[in-house]
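Contents: one structure, followed by commentary.
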Amino acid sequence: MSQVIEYEKEGDIAVLSANNPPVNALGVEVRRGLMDGIERAETEGVRAVLIYGRGRTYFAGADIREFGKPPQDPWLPAICDRIEASPLLVVSALHGTALGGGLEVALSCHYRIAVPSTKIGLPEVNLGIIPGAGGTQRLPRVAGVTAALDVITTGRHVQAPEALEMGVLDKVQDGDPREIGLAYARELLAVKAPRRPICDMAKPTPIDFDAAYDAVLRKGRGQLSPAIAVRAVQASCEADDFTAGQARERELFTQLMASDQRKGLIHAFFAERAVSKLPELQGVRPRDLHQIGVIGGGTMGAGIATSALLAGLPVLLLEMSSEAASAAQDRIASNLAGAVKRGKLSPDDQADILRNKLSLAVDYDALSGVDLVIEAVFENMEVKKQVFARLDAVCKKGAILATNTSYLDINEIAQSVSRPHDVVGLHFFSPAHVMKLLEIVVADHTSPEVVATGFALGKRLGKVSVRAGVCDGFIGNRILSAYRTCADHMVLDGASPFQIDVALTRFGFAMGPFAMSDLAGLDIGWAARKRKRAAGQDPRARDSIYADKLCEAGHFGQKTGRGYYVYEKGKRGGQPNPDVLPLIEADRAAQGISPRTFSDEEIVRRYMVAMVNEAARVVGDGVARRPLDVDVTLLYGYGFPRYMGGPLKWSDLQGLPNVLDDIRKWSEQDAYFWQPAPLLVKLEAEDRCFDDLNKER
Ligand code: T1G
């Protein structure tokens with residue numbers, strides 16, 4: 001008998017328990033154990049079979065690590081059919097997260113009981129595929145098409161009470177899964193409950209599947225799996241019989257399993273878990289965090305404070321005056337009210353946080369007891385150094401001194417205090433209490449313990465934390481600067497900002513670069529361009545002034561109501577600003593440029609290749625430890641389409657030689673901007689890809 005599926009007998013009930021930590025994934029050994037267990041039970045004169053999971057959960061799905069490898073017998077659909085066809089009464093007792101193939105195994109049983117905290121779901125679409133072991137055929141039969149489509153196309157987790165109402169669960173009862181499962185099986189046997197193979201149930205009532213398909217496809221913004229799932233569910237109504245419906249499901253599942261979107265989404269799944277696993281942190285104990293200090297209560301400081309407060313961390317917020325502190329408190333209260341509105345916080349908890357967890361101060365001495373302090377003051381090196389000097393004087397030994405700067409040199413800040421090993425960058429993204437990305441910027445002398453504490457804080461705040469080295473823009477903003485510059489070059493050469501935005505949203509980005517600039521504020525880019533010019537940028541670098549002209553006219557984007565787009569109060573989105581094209585034409589004329597047309601394909605290709613080239617430099621320079629760190633940064637901080645896995649996964653799927661061919665071709669027009677990143681050239685020469693680097697590091 002397999003170790004991962006244990007077989008026991010409890011009277012006239014055979015018990016199959018999964019023991020495959022951490023999530024009882026349905027790997028080939030588990031599948032073999034289930035098949036052997038069912039067959040054995042049928043030879044031992046028992047009347048029922050109970051299936052449940054040991055440890056933290058019932059089966060949480062197929063083993064994702066097997067994807068992309070040759071499938072191994074027995075396949076999960078065959079297991080489900082075998083369980084369902086058993087002449088014995090088969091009961092599943094669920095707890096934890098019964099997801100994907102796990103729920104499909106449960107649906108192939110004849111009865112399902114769960115503890116109240118159980119969550120069920122069919123989240124396969126989040127991996128670029130669809131349920132492939134009968135879920136699209138069985139769930140509609142028990143829950144109806146509408147409920148099944150909601151669960152399958154969103155991949156959402158369903159709490160036990162709702163699953164009971166849906167008809168997916170037959171009973172919800174507190175207790176040990178094994179015990180409640182055995183009691184329920186005995187109860188069913190006592191009343192001679194019939195087997196209830198779902199495959200024998202009537203076909204579900206159809207809906208307008210074309211309308212459902214169109215609606216889901218639009219919502220998917222380029223991701224195909226949710227819409228394809230609609231067609232699989234459609235087969236549960238329209239196929240000749242259950243078996244034909246399963247065949248249709250298998251056909252669609254197999255198509256998606258071979259797709260780049262499945263490769264991208266699986267990469268994202270594992271990358272977002274690997275990103276916090278750094279060899280340098282193995283065995284390093286983070287410092288305890290009982291209270292954190294935040295300096296500066298503007299948008300960022302208030303957002304950071306809100307994020308910590310929502311995670312249950314007491315916060316001391318320091319401002320320059322009591323009026324500023326009170327204004328900061330109002331910003332935090334407003335942020336918390338948003339959390340209440342979104343159902344993330346109860347009104348009582350909001351009141352408790354403001355009354356008991358948030359303290360305000362105007363005197364640095366108040367920070368003497370905090371374990372970690374984050375400054376979010378004006379982005380100016382001298383101001384930052386003054387703040388750090390004060391912190392160095394008042395904070396207790398072992399307190400961590402963090403800066404939220406988005407581009408200033410953290411090594412220079414660290415050198416201005418007596419404890420550089422306690423200095424770290426914690427780069428939050430605005431709004432800090434909503435955006436999940438946190439760049440943990442490690443300066444030359446930052447101690448591993450401080451880095452580990454940064455990651456522990458990020459985990460506690462529910463962030464996805466990425467380790468970054470010190471450079472202008474760290475990982476995300478440095479890469480953003482490159483592909484944003486590429487977009488500006490295309491505007492100078494003939495494309496319009498509006499065409500570029502449309503092309504990139506069609507490709508899958510939530511927003512195009514110019515709409516994004518309007519959202520962030522055009523003054524930020526303007527300051528960066530002035531900073532680079534003042535620092536003396538390379539004369540070979542192309543420059544543009546059309547955007548400066550917009551800013552000089554006071555148009556900073558959404559915050560002033562006008563930028564690349566014109567924004568009307570109360571209306572979502574903006575309309576192209578008619579003043580923009582004349583500014584661009586003047587800029588082209590001043591530079592003697594004759595504009596040409598761009599196809600959407602070329603726009604997307606240049607934009608993406610510029611992103612990949614700079615990302616390869618960021619990895620090559622060691623600012624990002626691995627390619628996956630770049631991918632996770634772009635996925636969580638820059639609206640990169642998740643189904644492509646991130647820019648470096650995308651480039652692997654495109655083929656690095658093809659990417660390099662484009663760079664070399666374009667470098668004939670602009671050898672300065674299109675210099676191939678050395679790492680790209682190296683990988684091409686060694687016939688390797690970024691995934692190989694991820695595996696090595
Ligand atoms: N396969 C392999 N490993 C898995 C896994 C899975 N399905 N789920 C989790 N892990 C690993 C994960 O990589 C991590 O490893 C550890 O378990 C803890 O996970 C035919 C084909 C279950 C809600 O999509 O949603 O069934 O980093 O950190 O936050 O139709 O994991 O420790 O080395 O996420 O408590 C469908 C995916 C598969 C569920 C737990 N199932 N997993 O969250 O822990 S497709 C899923 C999750 C399928 C069938 C199809 C979550 C979780 P490590 P964790 P967590």
Side-chain angles (χ1 to χ4, degrees), residues 4 18 20-31 34 53 55-69 71-72 74-81 83 94-108 117-139 148 151-159 225-226 228-229 232-233 246 249-259 261-263 265-278 281-282 436 455 459-460 462-465 628 632 642 694-695:
V4 289
N20 185 31
V23 297
N24 283 324
L26 286 150
V28 63
E29 287 310 317
V30 174
R31 301 198 300 273
L34 281 172
R56 61 193 276 201
T57 181
Y58 185 78
F59 309 109
D63 189 331
I64 303 174
R65 288 164 303 183
E66 290 182 357
F67 288 7
K69 295 173 189 161
Q72 293 172 288
W75 289 16
L76 197 56
I79 304 282
C80 292
D81 291 347
I83 290 169
L94 280 55
H95 77 294
T97 48
L99 300 172
L103 180 59
E104 290 174 304
V105 168
L107 287 169
S108 68
S117 57
T118 305
K119 291 175 191 156
I120 61 122
L122 291 172
E124 287 87 340
V125 294
N126 297 332
L127 300 171
I129 50 178
I130 61 171
T136 65
Q137 308 303 305
R138 292 191 173 94
L139 186 60
V151 170
I152 294 170
T153 60
T154 62
R156 72 181 177 91
H157 294 181
V158 179
Q159 310 269 356
S225 50
I228 299 296
V233 169
Q246 282 184 301
E249 175 192 83
R250 176 55 49 179
E251 176 196 352
L252 295 170
F253 171 86
T254 307
Q255 283 168 13
L256 287 173
M257 187 56 95
S259 70
Q261 291 196 4
R262 188 270 302 162
K263 294 170 189 165
L265 285 163
I266 296 291
H267 171 74
F269 177 88
F270 285 117
E272 66 198 1
R273 287 162 175 81
V275 77
S276 56
K277 295 187 175 77
L278 292 163
L281 299 184
Q282 294 312 310
K436 286 186 75 74
F455 274 90
K459 187 176 173 79
R460 185 158 178 189
K463 302 293 183 187
V464 176
S465 304
L628 67 88
V632 171
R642 185 178 172 88
N694 284 327
K695 291 187 186 96

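Every number for a ligand or one of its atoms is a count from 1 in the order of the listing.
Between Lys436 and Glu272 there is no salt bridge, since no side-chain N of the basic residue sits under 4.0 Å from a carboxylate O of the acidic one.
Protein heavy atoms are absent from the 4.0 Å sphere centred on atom 29 (O) of ligand 1. Closer than 4.0 Å to atom 41 (N) of ligand 1 lies at least one heavy atom of the protein. Proximity of atom 15 (O) of ligand 1 to the protein is not indicated, since no non-hydrogen protein atom lies closer than 4.0 angstrom.
Heavy atoms of Gly135 stay at 4.0 angstrom or farther from ligand 1. Heavy-atom distances between Lys277 and ligand 1 reach below 4.0 Å in at least one pair.
Contact of the Leu34 side chain with the Leu26 side chain is registered, since non-hydrogen atoms from C-beta on lie closer than 4.5 Å. Residues Pro131 and Ile152 meet the side-chain proximity criterion, which asks for heavy atoms closer than 4.5 Å. Under the 4.5 Å side-chain criterion, counting only non-hydrogen atoms from C-beta, Leu628 is in contact with Val275. Inter-residue side-chain proximity for Phe270 and Asn694 is flagged as unmet; no heavy-atom pair is nearer than 4.5 Å. A heavy-atom distance below 4.5 Å is not found between the side chains of Ser276 and Lys459. Annotation: side chain of Arg262 is not in contact with side chain of Leu256 (no heavy-atom distance under 4.5 Å).
From the protein, the heavy atom lying nearest to atom 37 (C) of ligand 1 is Phe269 CE1, 3.6 Å. Of the protein's non-hydrogen atoms, Arg56 NH1, 4.1 Å is the one closest to atom 18 (C) of ligand 1. The single protein non-hydrogen atom nearest to atom 20 (C) of ligand 1 is Glu104 OE1, 3.6 Å, given as residue, atom name and distance. From the protein, the heavy atom lying nearest to atom 4 (C) of ligand 1 is Val23 CG2, 4.0 Å. The single protein non-hydrogen atom nearest to atom 3 (N) of ligand 1 is Arg65 NE, 4.2 Å, given as residue, atom name and distance. Shortest contact from atom 17 (O) of ligand 1 to any protein heavy atom: Pro22 CG, 3.3 Å. The protein non-hydrogen atom at the shortest distance from atom 52 (C) of ligand 1 is Thr97 OG1, 4.5 Å. In terms of protein heavy-atom proximity, atom 51 (C) of ligand 1 is nearest to Arg273 NH2, 4.0 Å.
A donor-acceptor contact shorter than 3.5 Å links the side chain of Thr154 to the backbone of Arg156. In terms of modelled atom types and a separation under 3.5 Å, the side chain of Thr57 and the main chain of Thr97 share a donor-acceptor contact. A donor-acceptor contact shorter than 3.5 Å is absent between the side chain of Glu124 and the backbone of Ile129. Proximity of a side-chain donor or acceptor of His95 to a complementary backbone N or O of Gly55 within less than 3.5 Å is detected. At distances below 3.5 Å, not a single donor-acceptor pair connects side-chain atoms of Glu104 with backbone N or O atoms of Thr136.
Identified under the salt bridge (Lys or Arg N to Asp or Glu O under 4.0 Å) test for residues 58-67, with sequence neighbours left out: Arg31-Glu66, Asp63-Arg65.
Which parts of ligand 1 touch Phe67 is read off a 4.0 Å heavy-atom cut-off, strictly below it: atoms 21 (C), 45 (S). Below 4.0 Å from some heavy atom of Leu127 lie the following atoms of ligand 1, by number and element: 24 (O), 38 (C), 45 (S). The ligand atoms of ligand 1 that sit less than 4.0 angstrom from a heavy atom of Gly100 are 26 (O), 36 (C).
Using a 4.0 Å cut-off between heavy atoms, Asn126 makes no contact with ligand 1 at all. By the criterion of a heavy-atom distance under 4.0 Å, both the backbone and the side chain of Ile64 are placed next to ligand 1. At a heavy-atom cutoff of 4.0 Å, ligand 1 is contacted by both the backbone and the side chain of Ala60.
Between Ala62 and ligand 1, at least one N/O pair is under 3.5 Å apart. Checked against a 3.5 angstrom limit, the closest N/O atoms of Leu76 and ligand 1 fall outside it. For the pair Leu99 and ligand 1, the shortest N or O to N or O distance does not fall below 3.5 Å.
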